[in-house]
Trainee: 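Here it is, the structure, as structure tokens.
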Amino acid sequence: MSLYQQQEIKLYNTLTRQKEVFRPLVAGKVGMYVCGPTVYQNVHLGNCRTFISFDVMYRYLKHLGYQVRYVRNITDAGHMVGDGDEGEDKVAKQARLEQVEPMEIVQQYTVGFHHVMEQFNALPPSIEPTATGHIVEQIDMTQQIVENGYGYEIDGTIYCDVNRLNELYPYGQLSGRKLEDLYSNTRELDGQDQKRNPLDFALWKKAKPEHIQKWNSPWGTGFPGWHLECSAMSQKYLGEQFDIHGGGLDLAPTHHTNEIAQSMACCGKQPAQYWLHTNMLTVNGTKMSKSLGNSFLPHELFAGSHPLLEQPYSPMTVRFFFLQAHYRSTVDFSNEALQAAEKGYRRLMAAFQLLPKLSPANSFATSSTAEDVALNALLDECYACMNDDFNTPQTIAVLFGIAAKINAYHHQQAPLGDLQSATFERLKMVFSSMIIDVLGLLDETNAADSGVTDGLMSLILEIRANARANKDWTTSDIIRNQLTALGISVKDGKEGTTWNLG
RNA sequence: GGUCGGAUGGCCGAGAGGCUAGGCAAGGCUCUGCAAAAGCUUCCACAGCGGUUCGAAUCCGCUUCCGACCUCCA
């Protein structure tokens, strides 16, 4: 029996604006699509937050035993700079600015993106398709939409007919908007004259002669509209209908709304059962965004090399910081908050390190005790919290409760022997599963651990133990102070001396 | 302007009609050669004004502030 058969997940569906019980289309399998980055610049932290949120969902679903196919695209064409249809392709523009091939831009920033996600310990998705690698699929989908009567061609560009689609289903549903509201707020933009209606959007665009990234199509030379790649690729790898579609909240009103439009126009089906949206990262209460220029690059954060940063923050500190807020809430970046997260993360990992060293003074309980019941309740709660729309902050709160238990057992402030043997095994399994497998936290505080370091530390601490036995406090304190200066903290406990980095 | 979402203790952040959030910071106690760590403990918050209710941070109105989207952004 898989864990998922014992756990009922509820998740907040943007489409219905309520929490719903998660039931995959195919029992035991989950198809998840997340809108990935446009690779024309360094990823910034807002993107990272979104991908870390979905990484935890992916990890948790896998932990529960689901077979998950996680598809996250790389946008390397068709994403426009500026307003309307006359903007320049982002990748092409960057290529022009850096005087290199578009594919060089794509390569450079894709590699950089992967590197950063690896630093954050995010698992790679199952499939990471690119827009340029799926031009044929996008042309096919456009043709199908035209055949179905929801697309029309004007001078080599194919538009999606939003008015007609709205007869089929409520077009603005995902962002809670009605078509007339959308129209009343449409701005008059240059270059939109050829569309029948301002809300119509391009499926395929005619390329100007100077355009670098372009392909042949039934309508002449052109390139796909930005929204189309996600529809075409999710359909190819996950089917016409799949379970979860995710992305940043800012994608909901336009990009995801149009993805739904394309799928409805092509297949007459809502592509995803559950739409999940992560909220924005803010700095001083304002959305962190590329265009506002208030974003830190991940490496600036890790190095502390940004005027707004008082110190470096490690990838795991940042990951932990993100997970201490729910994915649907905004998170505000500040030095104070990050420093608090850093200490909390270390506290949690210190307990994690103690866990394998625990053993009961005498023997385990053979029947139920109050302590045994209390601990089992905490372990159950970890799952209950994750099941509740992947509530990582609550889960972490429970993990801190468990950490306090572990600390108390270790310092013999509470008797480990009050647990039953099976409960102790469960404690070890659940605590490390939650921290390592589900939350994806690496034990950074032990990162420099190696045979040599361990050996040296044992030697040093043995010398110090001798000094202490002789009440040679001077030597003892010199050793401890020097180690502290090196970033190694030494803690003398009843059961001996322990050390760790940081 | 339209639509949507927020305002929680010194700070960050969960929760969502009665039941401890949690982390960080601060105070006290225990332990300790000293320290650190740890455990216990104190600090009982929900923007304002009305209303519903036996009971509201949580529901309903109004007010004030803030943000997001409506152009590109995760």
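Not measured: the values here are computed from a predicted model. So you know, we letter chains A, B, ... as the sequences are listed, proteins then strands, and number each from 1.
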Trainee: Could you tell me whether the phosphate oxygens of G23(B), OP1 or OP2, come under 4.0 Å of any side-chain nitrogen or oxygen in Arg347(A)?
Mentor: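 Answer is yes, contact under 4.0 Å.
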Trainee: How many angstroms lie between CG in Leu199(A) and CG in Asn258(A), if you round to the nearest 0.5 Å?
Mentor: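 Reported to 0.5 Å precision, the distance equals 8.5 Å.
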Trainee: What integer number of Å spans the C1' atoms of C70(B) and A47(B)?
Mentor: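 Taking atom C1' in both C70(B) and A47(B), they lie 28 Å apart.
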Trainee: C24(B), A16(B), C12(B): which one has an atom nearest the side-chain heavy atoms of Ala340(A)?
Mentor: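 Nearest listed nucleotide: C24(B).
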Trainee: Nearest to the side chain of Ala404(A), heavy atoms from C-beta on, is which of G22(B), G39(B), U3(B)?
Mentor: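 The answer is G39(B).
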Trainee: Answer yes or no: side-chain N or O of Asp492(A) and base N or O of C34(B) forming a donor-acceptor pair under 3.5 Å.
Mentor: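 Such a pair exists between side chain and base.
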Trainee: Has Tyr327(A) got a side-chain atom pairing as donor or acceptor with Phe54(A)'s backbone, closer than 3.5 angstrom?
Mentor: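 Checked: no pair found.
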Trainee: When you measure from the side chain of Lys90(A), which nucleotide among G13(B), C72(B), A36(B) comes out closest?
Mentor: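 The closest nucleotide is C72(B).
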Trainee: Measuring from the side chain of Thr286(A) (C-beta onward, heavy atoms only), which nucleotide among A37(B), C72(B), A68(B) has the closest atom?
Mentor: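 Looking only at heavy atoms from C-beta outward on Thr286(A), the closest nucleotide is A68(B).
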Trainee: Indicate whether Phe51(A) forms a stack on A74(B); treat it as stacked only if centroid distance is below 5.5 angstrom and interplanar angle below 30 degrees.
Mentor: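 The ring of Phe51(A) is not stacked on A74(B).
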Trainee: Hey, does the side chain of Asp200(A) reach the backbone of Asp161(A) with a donor-acceptor pair shorter than 3.5 angstrom?
Mentor: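 Between the backbone of Asp161(A) and the side chain of Asp200(A) there is no qualifying donor-acceptor contact (under 3.5 Å).
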Trainee: Tell me if the side-chain of Arg480(A) makes a donor-acceptor pair with the base of A36(B), cut-off 3.5 Å, by modelled atom types.
Mentor: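 Check fails, no donor-acceptor contact within cut-off.
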Trainee: For the atom pair SG (Cys382(A)) and CG (Leu439(A)), what is the distance rounded to the nearest 0.5 Å?
Mentor: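 Cys382(A) atom SG to Leu439(A) atom CG measures 9.0 Å (nearest 0.5 Å).
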Trainee: Picking from C11(B), C69(B), G15(B), which would you name as closest to the side chain of Asn391(A)?
Mentor: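 My answer, after comparing the listed nucleotides, is G15(B).
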Trainee: To the nearest Å, give me how far apart CG (Asn407(A)) and P (A38(B)) are.
Mentor: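 After rounding, the reported distance stands at 6 Å.
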Trainee: Let's test your reading of the model: under 3.5 Å, does the base of G5(B) pair with the side chain of Thr330(A) as donor and acceptor?
Mentor: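 By the distance-only test, no, there is no pair.
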Trainee: Which nucleotide sits closest to the side chain of Gln394(A): C24(B), A14(B), U3(B)?
Mentor: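 Closest nucleotide to the Gln394(A) side chain: A14(B).
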Trainee: Which nucleotide sits closest to the side chain of Thr254(A): A16(B), A74(B), C70(B)?
Mentor: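 Nucleotide nearest to Thr254(A)'s side chain: C70(B).
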Trainee: Once you apply the 3.5 Å cut-off to both distances, tell me the Watson-Crick or G-U wobble partner of C40(B), or none.
Mentor: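 Partner of C40(B): G28(B).
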Trainee: Which one, A74(B), G33(B), C24(B), comes nearest to the side chain of Arg468(A)?
Mentor: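 Looking only at side-chain atoms, Arg468(A) lies closest to G33(B).
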Trainee: Ignoring backbone atoms, test whether Asn279(A) places a side-chain nitrogen or oxygen under 4.0 Å from the OP1 or OP2 oxygen of A68(B).
Mentor: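 No, Asn279(A) has no side-chain N/O under 4.0 Å of OP1/OP2 on A68(B).
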Trainee: Any base atoms under 4.0 Å from Leu45(A), or only sugar-phosphate, or nothing? Heavy atoms, all strands.
Mentor: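 Result for Leu45(A) = nothing.
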Trainee: Suppose we define a pair by two distances each less than 3.5 Å, Watson-Crick or G-U wobble; what does A68(B) pair with here?
Mentor: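 U3(B) - that is the nucleotide pairing with A68(B), both distances being under 3.5 Å.
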Trainee: Taking side chain to side chain contact (heavy atoms under 4.5 Å, CB included) as the criterion, tell me which of Thr278(A), Thr14(A), Asn279(A) meets it with Leu249(A).
Mentor: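 In the set Thr278(A), Thr14(A), Asn279(A), the residue that makes a side chain to side chain contact (heavy atoms under 4.5 Å, CB included) with Leu249(A) is Asn279(A).
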Trainee: Taking atom P in both A7(B) and U58(B), compute the distance separating them and give it to the nearest angstrom.
Mentor: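 Roughly 11 Å separates the two P atoms.
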Trainee: Assess whether one donor atom and one acceptor atom, taken from the side chain of Asp477(A) and the base of G33(B), lie less than 3.5 Å apart.
Mentor: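 Pair found.
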Trainee: Which nucleotide, if any, forms a Watson-Crick or G-U wobble pair with U53(B), using both distances under 3.5 Å?
Mentor: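 In the structure as shown, U53(B) has no Watson-Crick or wobble partner.
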Trainee: Under a 3.5 Å cut-off for both distances, is C62(B) Watson-Crick or wobble paired, and to whom?
Mentor: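 Pairing partner, where one exists within any strand: G48(B).
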Trainee: May I have the step-by-step check of side-chain hydrogen bond (donor to acceptor under 3.5 Å, both in side chains) for Tyr60(A) and Asn387(A), ending in yes or no?
Mentor: CA-CA 9 Å; Tyr60(A) 185 60; Asn387(A) 291 342; 2.6 Å; yes
Trainee: Looking at the side chain of Lys343(A), which of A68(B), G22(B), C24(B) is the nearest nucleotide?
Mentor: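 Ranking A68(B), G22(B), C24(B) by closest atom to the Lys343(A) side chain puts C24(B) first.
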Trainee: Between G13(B), G23(B), G33(B), which one does the side chain of Ser476(A) approach most closely?
Mentor: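 That would be G33(B).
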